[in-house]
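Positions are given from 1, in the same order as the sequence printed here. Here the structure is a predicted model, which means the values were calculated and not measured.
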Amino acid sequence: MEPVYRGKVREIYDVSDEHLVIVTTDSISAFDSILPVIVKDKGRILNQISNFWFAKTKQIIPNHVVEDRVEHMLPFFQNDRFRNRTVMVEKLQMLPFEFVVRGYLFGTMWDAYKKGEGFCGISMAGNLKLAQKFDEPLLTPAIKHDVGHDEYVSLTCVEKKLGKERANKIAAVCLELYRKCSEYALSKGLIIADAKFEFGLNTQGELVLADEIFTPDSSRFWDEADYETGVSPKSFDKQFLRDWLSEHKVNGEYLFDKVPEHVLEQTRQRYQECLNRIVGQ
């Protein structure tokens, strides 16, 4: 059996009229490139974190996960290669947006602020600092593009495409997901600085949460003990790898095929620590 789609970190198999099987691999991407190296167990770690949050939030909104045990899937998937990194999901009509809830001023929003620009229709006035916490979390939608970077837009743009009622429901769901899960993460010593969500519609036209949620690849996790306004906090994701690549460019080129084993291992340890704190040892 061959996947019908291979993304940066996922393989997708079409297994029936109603279901897909998604396998999260150990591949890692940086600067819009898939590296020719892997981070051992990264796929299993991400999959387990996402499944934990899907189970924890299903009372807020239904999600696409149908089965996470390979023993209950087709025989092709019933082996160690797929165990703990594979889910069977409901086929959905995916919405053409992703929605990022931001609790802190960081990333692309910080870049816009430094230029004196607004962001997704949100104006940012005053003397703000890097990693500063907002009084209330902000929703920043983006149009998904198959090629190139996603395009950040205002909620008004979403309303025009999806209708005001559906756009407002999505906004409310996103903020509730962020609130509930941020509180839990904080009890484990983790700050969720921001989080990305994607949605689809099922055959009944109902809104369903899809993709992955609150993983180090779709959210920004910081260590509460190290957090300080004005400083870029330690993160539990691939930033360590990205920093190494940025610091070791040759003639302006990234050394994607020269990443040392210790950098890959320390990257793996950051993902693993995130899993341990959230789910437990």
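Pairs of residues two or more places apart, or lying in two chains, never qualify as side-chain hydrogen bond (donor to acceptor under 3.5 Å, both in side chains) while including a residue from residues 45-57. Screening residues 14-37 for ring-ring contact (aromatic ring centres under 6.0 Å, His included) gives Phe31-Tyr254 as the qualifying pairs, with residues at least two apart or on separate chains. Among residues at least two apart or in separate chains, side-chain hydrogen bond (donor to acceptor under 3.5 Å, both in side chains) pairs with a member in residues 35-44 are Lys42-Asp217. Applying the salt bridge (charged side-chain N to carboxylate O under 4.0 Å, His left out) test to residues at least two apart or on different chains, none of the pairs has a partner in residues 236-256. The salt bridge (charged side-chain N to carboxylate O under 4.0 Å, His left out) analysis of residues 22-31, with sequence neighbours excluded, yields the pairs Asp26-Arg85.
Applying the side chain to side chain contact (heavy atoms under 4.5 Å, CB included) rule to Pro62 yields no partners; only residues at least two apart in sequence or on another chain are considered. Applying the side chain to side chain contact (heavy atoms under 4.5 Å, CB included) criterion to Val231, with sequence neighbours excluded, gives Glu228. Among residues two or more places apart in sequence or in another chain, the ring pair (Phe, Tyr, Trp, His ring centres under 6.0 Å) test is passed with Tyr227 by Tyr104, Trp222. Residues forming a salt bridge (Lys or Arg N to Asp or Glu O under 4.0 Å) with Glu183 (at least two apart in sequence, or on another chain): Arg179.
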Could you list the donor-acceptor pairs under 3.5 angstrom formed by side chains in residues 195-204, with sequence neighbours left out?
from: Lys196; atom 1: NZ; to: Glu198; atom 2: OE2; distance (Å): 3.1
from: Lys196; atom 1: NZ; to: Asp211; atom 2: OD2; distance (Å): 3.1
from: Glu198; atom 1: OE1; to: Lys144; atom 2: NZ; distance (Å): 2.7
from: Asn202; atom 1: OD1; to: Gln204; atom 2: N; distance (Å): 3.0
from: Asn202; atom 1: OD1; to: Gly205; atom 2: N; distance (Å): 3.1
from: Asn202; atom 1: OD1; to: Glu206; atom 2: N; distance (Å): 2.8
from: Asn202; atom 1: ND2; to: Glu206; atom 2: OE1; distance (Å): 2.8

Indicate every side-chain donor-acceptor pair of residues 111-139 with a distance under 3.5 Å to a residue at least two apart or in another chain.
from: Tyr113; atom 1: OH; to: Gly126; atom 2: O; distance (Å): 2.6
from: Tyr113; atom 1: OH; to: Leu128; atom 2: N; distance (Å): 2.8
from: Gln132; atom 1: OE1; to: Lys129; atom 2: N; distance (Å): 2.9

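The other residues sharing a hydrophobic cluster with Val208 are Leu92, Met94, where clustering joins ILVMFWY side chains under 4.5 Å apart.
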